[in-house]
Amino acid sequence: MTKAVYPGTFDPVTNGHLDIAIRAAKLFDQLIIGVYDRPAKNLLFPTDERVALWKDAISDISNIKVESYNMLTVEFAKNINAQVIVRGLRMSSDFEGEFEMALMNKQIRPELESIFLMANLKFQFLSSSLLKEVAQLGGSVDKLVPPNVLKALKAKLNVS
Ligand code: ADP
């Protein structure tokens, strides 16, 4: 059985993330979304909410599961028997950082492969941080996140 992990902060999950997960789930028998518990980032949503939002958003896809983790991604992948790490690549912003991370992970655990799916053209400009900024200022983000995330964002930010 081929199993892949799609790790990230997902604060919150966007349609860009969802697009990567749906495509990756077609390539592997099982996809585990790994929600990283303690990123060096200011979080809007605590881990349990980031997990719950993902679960709601992919509830109709049977071969995707969502778990949180608080260790090295390569360790998490080993614990759940995943052979592959999946990441999304946006046009200009992601390549260097992802390349560095993939090489580091390869150093730690050579048998684990990293694969990268090109971000959908529609979501190239989309990041969770920009999304939160726009939403906070009352901009429309309804085409950028799943409906459950839109609802949670509005409630969290106290905007209509
Ligand atoms: P991290 O803190 O690990 O970078 P993110 O939640 O920001 O976590 O992103 C998780 C993964 O999703 C990364 O591989 C990132 O490049 C990818 N990603 C982020 N935004 C998009 C998008 N709009 N389209 C496709 N992939 C994306």
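Source: prediction; values computed, not measured. One-based numbering, in listed order, for ligands and for the atoms of each.
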Examine ligand 1 and decide if any of its atoms is less than 4.0 Å from a heavy atom belonging to Tyr6.
->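 Yes; Tyr6 lies near enough to ligand 1 that a heavy-atom distance drops under 4.0 Å.
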Please confirm whether Gln124 comes under 4.0 Å of ligand 1, counting heavy atoms of the residue only.
-> no
Side chain, backbone, both or neither: the part of Arg90 lying under 4.0 Å from ligand 1 by heavy atom |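 Side chain only.
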Side chain of Gln124, backbone of Ala119: donor and acceptor closer than 3.5 Å?
-> yes
Is any N or O atom of [X], backbone or side chain, closer than 3.5 Å to an N or O atom of ligand 1?
X: Ala119; result: no
X: Lys41; result: yes
X: Arg87; result: yes
X: Thr9; result: yes
X: Asp94; result: yes
X: Gly8; result: no
X: Phe123; result: yes

Rounded to the nearest 0.5 Å, what separates atom [atom1] in [X] from atom [atom2] in [Y]?
X: Leu144; Y: Ser128; atom1: CG; atom2: OG; result: 10.5 Å
X: Leu121; Y: Met91; atom1: CG; atom2: CE; result: 6.5 Å
X: Gln136; Y: Asn158; atom1: CD; atom2: CG; result: 10.0 Å
X: Ile85; Y: Glu98; atom1: CD1; atom2: CD; result: 10.0 Å

Here the atoms of ligand 1 under 4.0 Å from any heavy atom belonging to Leu126 are 20 (N), 21 (C), 22 (C), 23 (N)
For ligand 1, which atoms sit closer than 4.0 Å to a heavy atom of Phe10?
->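 Ligand 1 atoms under the 4.0 Å threshold to Phe10: 6 (O), 10 (C).
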Side chain to side chain contact (heavy atoms under 4.5 Å, CB included) partner of Leu126, the single match among Val141, Val134, Leu131 =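 Exactly one candidate clears the test, Leu131.
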When you measure from [atom] to every protein heavy atom, which one gives the shortest distance, and what is it?
atom: atom 9 (O) of ligand 1; answer: His17 NE2, 3.5 Å
atom: atom 26 (N) of ligand 1; answer: Ile20 CG1, 3.6 Å
atom: atom 15 (C) of ligand 1; answer: Gly88 O, 3.7 Å

Starting from the C-alpha separation in whole Å, work towards a yes-or-no answer on salt bridge (Lys or Arg N to Asp or Glu O under 4.0 Å) for Arg109 and Glu75.
-> CA-CA 9 Å; Arg109 221 186 125 209; Glu75 283 302 316; over 6 Å; no
Any side-chain donor near an acceptor of the partner, Thr9 and Asp11, under 3.5 Å |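 Short answer, no.
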For Asp37 and Ser68, test the side chains for any donor-to-acceptor distance below 3.5 angstrom and give the result as yes or no.
-> no
When Phe10, Tyr69, Tyr6 are each screened for ring-ring contact (aromatic ring centres under 6.0 Å, His included) with Tyr36, the one that passes is Tyr69
